[in-house]
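Index from 1, following the sequence.
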Amino acid sequence: MVKNVIVVSDYGYIEGGAGRIAHETAILLSENGYNVVFFCAVSPISAELKNAGLEVFCLNQSDILHEKSRIKGVLRGISNRQAKLTFRELLKRFDRNDTIIHVHTWTKALSSVVFKEAKRAKFQVLITVHDYFLVCPNGGLFNYQKREICNIKPMSAKCLLCNCDARSYTQKLFRVWRQHRQNKNIRKNKYISYAFISEFSKREFLKRYNKITQERQYFLPNLVNIDQNRFRIECEKNSMYLFIGGITEVKGIRIFCEAVTKAEVPAVVIGEGILKEELQSKYPNIKFVGWKSKEEMLPYLEQTRCLIFPSIWYETMGLIALEAVAYGIPVLCSDLNAAQVYIEHISKDLIYSGNVTKNLVEKINLLNNSLYVEILSQRIFNTFNLQYYQAQEYLKRLEEIYKHLIL
């Protein structure tokens, strides 16, 4: 019987979708009687964790990108010695027969040493597969230089020679080195299981690495914390087009900016990222409002006619798109990412081709018809299965996986 869960995440605060799920999983488990420890590298600790009264082990490090010493950052990214020793001591407190290690992120700070220590102590590990770092050195199956999906076999000779990294080829070589070390710590570890959050991401993952046995594969859609008293946002009365996410190449922000400008519609960008200053200067017609908490986002959602989800990488789930759908907001979605599965059954008009700006503009123009938007919104709202994504359903699926791992 599982009594203890050690939730592992790079950050002690919510820095993105994976971090949010790590937090919500830890808090949900704690609320339902499990002894939960949250293990992370980067401070500060979020108010959510503090208010939940969870035990938090934080190394109080910076992530490897913000490490002042580049050499230290590289070495820590390969093997974080402090994480290794602290995690080893932490595991001594627990019995492997009633404890699960649930890992969400590790590549930005902790490194793969957590898996090495878990194997040494023979603890069962569940990885929620939020991205593709388990198979791809840059984590996205994406060529950032060409701005397109990469179909080269990861870690092949062709992969090693390909300059696909967002920053530089030197950065790519570091990531290859990290991937090599990570593969040693993970791939032959019989105590590791994998929880896929969408069939889309599972398919793309297994195309690149198909040596995971069936009994080590699980399906665990992310929970979506939507109020039971949710309401339909009357999108037909609104005019604003919304983008929520990282302001980076892979999230398709350039396509969003180009399309809403050509379509001459009002637009807002919620998020932060390396392209923010450049695009804010280039597109004065678009409001860039920075990152907002979940509560702070709601007023923007209430003013939204349509959310555009233009990710041009193989997004593993697309949590923001799912949350918008819960309120009946039409979502224009690229056919390159997993979020399309929540949209395409409503109308094919909401799916556009890859990273083709012209096609996205055409789809925006279709939504000039307010009656059509109202029909879409009502259909989206009425067909959304709220219960399927609620916390208790997520907990039920998670407990079944935990029980199976401990047997």
K.L.:
Side-chain contact test, heavy atoms from C-beta onward, threshold under 4.5 Å: evaluate it for Ile329 versus Ser377 and give yes or no.
P.N.:
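In short, these two side chains do not touch, never coming nearer than 4.5 Å.
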K.L.:
Within the 3.5 Å criterion, strictly below it, is a donor on Asn35 or Asn4 matched to an acceptor on the partner's side chain?
P.N.:
yes
K.L.:
Can you check whether Tyr327 and Phe231 have ring centres sitting under 6.0 Å from each other?
P.N.:
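Distance test on ring centres: under 6.0 Å, yes.
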K.L.:
Assess whether atom CD of Glu199 is packed by more than 12 heavy atoms of other residues, nucleotides or ligands within 6.0 Å.
P.N.:
yes
K.L.:
As an exercise, state the distance from OG1 of Thr86 to CZ of Arg81, rounded to the nearest 0.5 Å.
P.N.:
10.5 Å
K.L.:
Between the side chains of His180 and Asn183, is a donor N or O closer than 3.5 angstrom to an acceptor N or O?
P.N.:
no
K.L.:
In terms of ring plane angle, is the pair His104 and His102 parallel, tilted or perpendicular, where the classes change at 30° and 60°?
P.N.:
parallel
K.L.:
Between Ile274 and Ile247, does a side chain to side chain contact (heavy atoms under 4.5 Å, CB included) hold up when you go through it step by step?
P.N.:
CA-CA 6 Å; Ile274 59 175; Ile247 306 178; over 6 Å; no
K.L.:
Going by atom types only, do Ser111 and Arg178 share a side-chain donor-acceptor pair under 3.5 Å?
P.N.:
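The criterion, which ignores hydrogens and geometry beyond distance, is not satisfied for Arg178 and Ser111.
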K.L.:
How long is the span from the NZ atom in Lys287 to the CG atom in Leu242, to the nearest 0.5 Å?
P.N.:
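So the gap between those two atoms works out to 12.0 Å.
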K.L.:
Can we say Glu55 and Arg93 salt-bridge, meaning some charged N sits less than 4.0 Å from an Asp/Glu carboxylate O?
P.N.:
yes
K.L.:
For Asn80 and Gln61, test the side chains for any donor-to-acceptor distance below 3.5 angstrom and give the result as yes or no.
P.N.:
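The answer is yes; a qualifying pair exists.
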K.L.:
Which of these passes side chain to side chain contact (heavy atoms under 4.5 Å, CB included) with Ile244: Lys292, Lys251, Met297?
P.N.:
Met297
K.L.:
Between Phe87 and Phe39, is the ring-ring contact (aromatic ring centres under 6.0 Å, His included) condition met? List the steps.
P.N.:
CA-CA 8 Å; Phe87 201 58; Phe39 184 81; 4.8 Å; yes
K.L.:
Could you tell me whether Arg147 and Glu249 make a salt bridge, using a distance below 4.0 angstrom between a side-chain N and a carboxylate O?
P.N.:
yes
K.L.:
Between Ile186 and Leu134, is there a side-chain heavy-atom distance shorter than 4.5 Å?
P.N.:
yes
K.L.:
Given side chain to side chain contact (heavy atoms under 4.5 Å, CB included), test Tyr283 with Glu258 step by step and report yes or no.
P.N.:
CA-CA 9 Å; Tyr283 296 99; Glu258 291 168 5; 3.3 Å; yes
K.L.:
Verify whether the ring centers belonging to Tyr13 and His23 lie closer than 6.0 Å.
P.N.:
no
K.L.:
Main chain of Lys153, side chain of Ser156: is a donor-acceptor contact present, judged purely on distance under 3.5 Å?
P.N.:
yes
K.L.:
Using modelled atom types and a 3.5 Å cut-off, is there a donor and acceptor pairing between side-chain atoms of Asp98 and backbone atoms of Val2?
P.N.:
no
K.L.:
Would the distance check show the side chain of Asn60 and the main-chain N or O of Ser43 forming a donor-acceptor pair, the cut-off being under 3.5 Å?
P.N.:
no
K.L.:
Here's one to test your reading of the geometry: is the NZ or CZ of Arg216 within 45 degrees of the ring axis of Tyr194 and under 6.0 Å from its centre?
P.N.:
no
K.L.:
Could you walk me through whether Asn151 and Ile149 pass the side chain to side chain contact (heavy atoms under 4.5 Å, CB included) check?
P.N.:
CA-CA 7 Å; Asn151 289 306; Ile149 297 295; 4.1 Å; yes
K.L.:
How far does CG of Leu223 sit from CD1 of Ile21, to the nearest 0.5 angstrom?
P.N.:
4.5 Å
K.L.:
Taking C-beta and beyond as the side chain, do Ile233 and Thr304 meet within less than 4.5 Å on heavy atoms?
P.N.:
no
K.L.:
So, applying side chain to side chain donor-acceptor pair (under 3.5 Å) with Asp165, which one of Arg175, Lys172, Gln171 is it?
P.N.:
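The residue from Arg175, Lys172, Gln171 that satisfies side chain to side chain donor-acceptor pair (under 3.5 Å) with Asp165 turns out to be Arg175.
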K.L.:
More than 12 foreign heavy atoms under 6.0 Å from CG of Leu161: is that the case here?
P.N.:
yes
K.L.:
Taking CZ in Arg181 as the centre, count heavy atoms belonging to other residues, nucleotides or ligands within less than 6.0 Å. Is the count above 12?
P.N.:
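Result for CZ/Arg181: open.
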K.L.:
Mark yes or no: Arg203 above the aromatic ring of Phe200, with NZ or CZ under 6.0 Å from the six-membered ring centre and no more than 45 degrees from the axis.
P.N.:
yes
K.L.:
Ring centroids only, cut at 6.0 angstrom: are Phe196 and Phe205 within range, meaning strictly under it?
P.N.:
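Distance test on ring centres: under 6.0 Å, yes.
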K.L.:
Does Arg397 make a cation-pi contact with Tyr402 (under 6.0 Å, within 45 degrees of the axis)?
P.N.:
no
K.L.:
Would you compute the distance between atom NZ of Lys276 and atom CG of Leu279 and round it to the nearest 0.5 angstrom?
P.N.:
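Those atoms lie 11.0 Å apart.
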K.L.:
Consider only side-chain N and O atoms of Ser198 and Tyr342, and report whether a donor and an acceptor are under 3.5 Å apart.
P.N.:
no
K.L.:
Less than 4.0 Å between a side-chain N and a carboxylate O, is that true for Glu204 and Arg208?
P.N.:
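Between Glu204 and Arg208 there is a salt bridge, with a charged N closer than 4.0 Å to a carboxylate O.
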K.L.:
With heavy-atom distances below 4.5 Å as the criterion, would you say the side chains of Ile346 and Leu376 are in contact?
P.N.:
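Of all side-chain heavy-atom pairs linking Leu376 with Ile346, at least one is under 4.5 Å.
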K.L.:
Cut-off 3.5 Å, side chains only: do Asn222 and Tyr394 have a donor facing an acceptor?
P.N.:
no
K.L.:
Is it true that atom NZ of Lys122 has more than 12 heavy atoms of other residues, nucleotides or ligands lying nearer than 6.0 Å?
P.N.:
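No, because the 6.0 Å sphere around NZ of Lys122 holds 12 heavy atoms or fewer from other groups.
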K.L.:
Determine whether Trp313 and Leu141 make a side-chain contact, defined as any pair of heavy atoms from C-beta on separated by less than 4.5 Å.
P.N.:
no
K.L.:
When you compare the side chains of Glu296 and Trp291, does any donor N or O come within less than 3.5 Å of an acceptor on the partner?
P.N.:
no
K.L.:
Say whether Asn185 and Gln182, considering side chains only, have a donor N or O and an acceptor N or O under 3.5 Å apart.
P.N.:
no
K.L.:
Trp177 and Gln179: side-chain donor and acceptor closer than 3.5 Å?
P.N.:
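On atom types as modelled, these side chains do not qualify, holding no pair under 3.5 Å.
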K.L.:
Phe142 and Tyr314: aromatic ring centres closer than 6.0 Å?
P.N.:
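Not close enough - the centres of the two rings lie 6.0 Å or further apart.
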K.L.:
Walk me through whether Arg254 and Glu278 qualify under salt bridge (charged side-chain N to carboxylate O under 4.0 Å, His left out).
P.N.:
CA-CA 10 Å; Arg254 291 190 190 277; Glu278 175 195 334; 2.8 Å; yes
K.L.:
I need the single residue from Phe288, Phe309, Phe243 that forms a ring pair (Phe, Tyr, Trp, His ring centres under 6.0 Å) with Phe256. Which is it?
P.N.:
Phe243
K.L.:
Please determine if Glu117 and Lys92 form a salt bridge, counting it only when a charged side-chain N lies under 4.0 Å from a carboxylate O.
P.N.:
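Here Glu117 does not pair with Lys92 in a salt bridge, since their nearest N and O are not under 4.0 Å apart.
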K.L.:
Rounded to the nearest 0.5 Å, how far does CD of Glu272 lie from CG of Leu275?
P.N.:
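The CD atom of Glu272 is 12.0 Å from CG of Leu275, to the nearest 0.5 Å.
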K.L.:
Check whether any side-chain N or O of Glu89 sits under 3.5 Å from a backbone N or O of Leu85 as a donor-acceptor pair, and report yes or no.
P.N.:
no
K.L.:
May I ask you to check whether Trp106 and Phe133 place their ring centers less than 6.0 Å from one another?
P.N.:
no
K.L.:
With side chain to side chain donor-acceptor pair (under 3.5 Å) as the test, would you mind laying out the steps for Asn365 and Glu362 before giving the verdict?
P.N.:
CA-CA 5 Å; Asn365 290 336; Glu362 291 170 352; over 6 Å; no
K.L.:
Set out, in order, the CA-CA distance, both residues' side-chain angles and the distance that settles side chain to side chain contact (heavy atoms under 4.5 Å, CB included) for Arg20 and Glu24, then state yes or no.
P.N.:
CA-CA 6 Å; Arg20 187 200 300 184; Glu24 291 180 348; 3.5 Å; yes
K.L.:
Report yes if the side chains of Val103 and Leu126 come closer than 4.5 Å at any heavy-atom pair, otherwise no.
P.N.:
no
K.L.:
Kindly compute the distance separating CG (Asp335) from CD1 (Ile343), expressed to the nearest 0.5 Å.
P.N.:
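Answer for the CG-CD1 pair, Asp335 versus Ile343, is 13.0 Å.
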K.L.:
Answer yes if the side chains of Gln340 and Tyr352 hold a donor-acceptor pair under 3.5 Å, and no otherwise.
P.N.:
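No, Tyr352 and Gln340 have no side-chain donor paired with an acceptor closer than 3.5 Å.
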K.L.:
Begin with the C-alpha distance, continue with both residues' side-chain angles, and end with the deciding distance and a verdict on side chain to side chain donor-acceptor pair (under 3.5 Å) for Tyr34 and Glu399.
P.N.:
CA-CA 11 Å; Tyr34 291 88; Glu399 287 180 325; 2.7 Å; yes
